[in-house]
Colleague: 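The structure follows.
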Amino acid sequence: MELRRTLLLGIFGLMALNLATALTAVGLLIRMSPVIGKIVSENVRSLEATEAMLGVLAEAPAGPLDAKAAARFDRALKNAWDNVTEVEERAALTRIAEVQKAALAGDGTARAEMIEEIFELSEVNRHAMRLADDEARRQGDAGAWFAVLAAIASLVISAYLGRRLVHNLVEPLGQLYRVLEAFQTGQHHRRCTAVDVPPEFRRIFESVNNLLDAKKG
């Protein structure tokens, strides 16, 4: 039973460790996915809206915008409002809305202020993206260190189980082989010693010793 227990402990122990490593790795990836998705769903869309607004303004850098351009600007601004995720965005969007009419009509001062606020809106989202990226990196680093620790644990456990198997299985088999080999070469007094071996081998050794005693007689 001791030998069987050692074998089962080694097999199921390594299986459990590998399963725990795999599940933890999957869990970390699942946690990282929403962080990456957040960058796309929240910040990239806002950046697209700022780029659309700046693109409209670039069409008429020194004069009023026509109705179609003004409509495209309104849609881009609405998209930015619909995707507000940071507190600082509201202040910038509010100020853009306040100077929108004058800026689109060609007021240079209002347009300069609007452009400044659009760039501020863009920077807010870029900063949020950097924070999200840092969080994803931290989780990735945590997963990498867990994999390293799991590998070390697996190595230690494998070494321990390997030593147990050598002591409880390989060494007794080696002793049994040497005794039988010695008997075949005429050394009829050599016997198996059942010291510090599993009970299964102790019984085998006793049977072999009895058989050799009978053959010697």
Side-chain angles (χ1 to χ4, degrees), residues 1-45 85-86 125-217:
M1 292 298 293
E2 181 179 342
L3 181 60
R4 181 173 180 270
R5 184 167 57 250
T6 300
L7 290 172
L8 291 178
L9 177 63
I11 294 171
F12 288 108
L14 291 177
M15 288 176 60
L17 183 61
N18 290 332
L19 180 61
T21 303
L23 290 177
T24 304
V26 170
L28 288 170
L29 290 174
I30 291 175
R31 289 182 59 189
M32 289 177 64
S33 296
V35 176
I36 299 172
K38 178 182 177 181
I39 296 176
V40 175
S41 65
E42 296 183 358
N43 305 117
V44 171
R45 291 179 183 176
T85 56
E86 310 297 326
N125 282 277
R126 292 183 190 281
H127 178 68
M129 291 175 68
R130 287 191 289 270
L131 293 179
D133 179 66
D134 290 342
E135 177 63 21
R137 288 176 182 273
R138 282 194 295 270
Q139 294 188 17
D141 291 343
W145 278 111
F146 175 83
V148 171
L149 294 176
I152 294 174
S154 179
L155 180 63
V156 172
I157 293 174
S158 298
Y160 169 75
L161 294 175
R163 290 186 60 184
R164 289 288 302 274
L165 289 175
V166 168
H167 178 72
N168 292 336
L169 181 61
V170 178
E171 291 179 356
L173 287 175
Q175 182 186 173
L176 181 60
Y177 171 78
R178 289 190 296 271
V179 169
L180 295 175
E181 184 72 14
F183 191 87
Q184 288 182 338
T185 58
Q187 303 178 41
H188 295 165
H189 295 286
R190 188 167 184 177
R191 297 293 182 269
C192 298
T193 56
V195 179
D196 195 23
V197 296
E200 295 89 345
F201 274 105
R202 190 174 295 115
R203 291 190 292 271
I204 294 173
F205 284 1
E206 291 174 357
S207 298
V208 170
N209 289 340
N210 291 336
L211 181 62
L212 295 179
D213 290 338
K215 283 186 173 293
K216 178 184 176 183

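Computed from a prediction, not measured in an experiment: that's the story for all the values here. Computed from heavy atoms alone, side chains included, the values below leave out hydrogens, waters and symmetry copies.
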Colleague: Which pair of non-hydrogen atoms, one from Met129 and one from Val44, has the smallest distance, and what is that distance?
Modeller: CE-CG2, 4.2 Å
Colleague: Sequence neighbours excluded, which residues qualify as salt bridge (Lys or Arg N to Asp or Glu O under 4.0 Å) partners of Arg126?
Modeller: none
Colleague: Taking salt bridge (Lys or Arg N to Asp or Glu O under 4.0 Å) as the definition, give me every residue that meets it alongside Arg138, ordered by chain and number, with sequence neighbours left out.
Modeller: Glu135
Colleague: Just so I know, are the side chains of Glu181 and Arg178 near enough to count as touching, which here means a heavy-atom distance under 4.5 Å?
Modeller: no
Colleague: Report the distance from atom CG of Leu212 to atom NE2 of His189, rounding to the nearest 0.5 Å.
Modeller: 12.0 Å
Colleague: What pair of heavy atoms forms the shortest contact from Asn168 to Pro198, and how long is it?
Modeller: O-CG, 3.4 Å
Colleague: What pairs with Arg202 under side chain to side chain donor-acceptor pair (under 3.5 Å), at least two apart in sequence or on another chain?
Modeller: none
Colleague: Got Phe205 and Leu176 here, is their nearest side-chain heavy-atom distance under 4.5 Å?
Modeller: yes
Colleague: Can you list everything that forms a side chain to side chain contact (heavy atoms under 4.5 Å, CB included) with Leu149? Sequence neighbours excluded, please.
Modeller: none
Colleague: Within the structure provided, determine whether Leu169 and Phe201 are in side-chain contact (heavy-atom separation under 4.5 Å).
Modeller: yes
Colleague: Do you know which two heavy atoms are closest between Arg190 and Ala182, and how far apart they sit?
Modeller: CD-CB, 3.8 Å
Colleague: At what distance, to the nearest 0.5 angstrom, does CG of Asp134 lie from CZ of Arg130?
Modeller: 9.0 Å
Colleague: Could I get the full list of side chain to side chain donor-acceptor pair (under 3.5 Å) partners for Ser207, not counting sequence neighbours?
Modeller: none
Colleague: List the residues meeting side chain to side chain contact (heavy atoms under 4.5 Å, CB included) with Val166, not counting sequence neighbours, and say none if there are none.
Modeller: Val170, Glu171
Colleague: To the nearest 0.5 Å, how far apart are SG in Cys192 and CD1 in Ile204?
Modeller: 9.5 Å
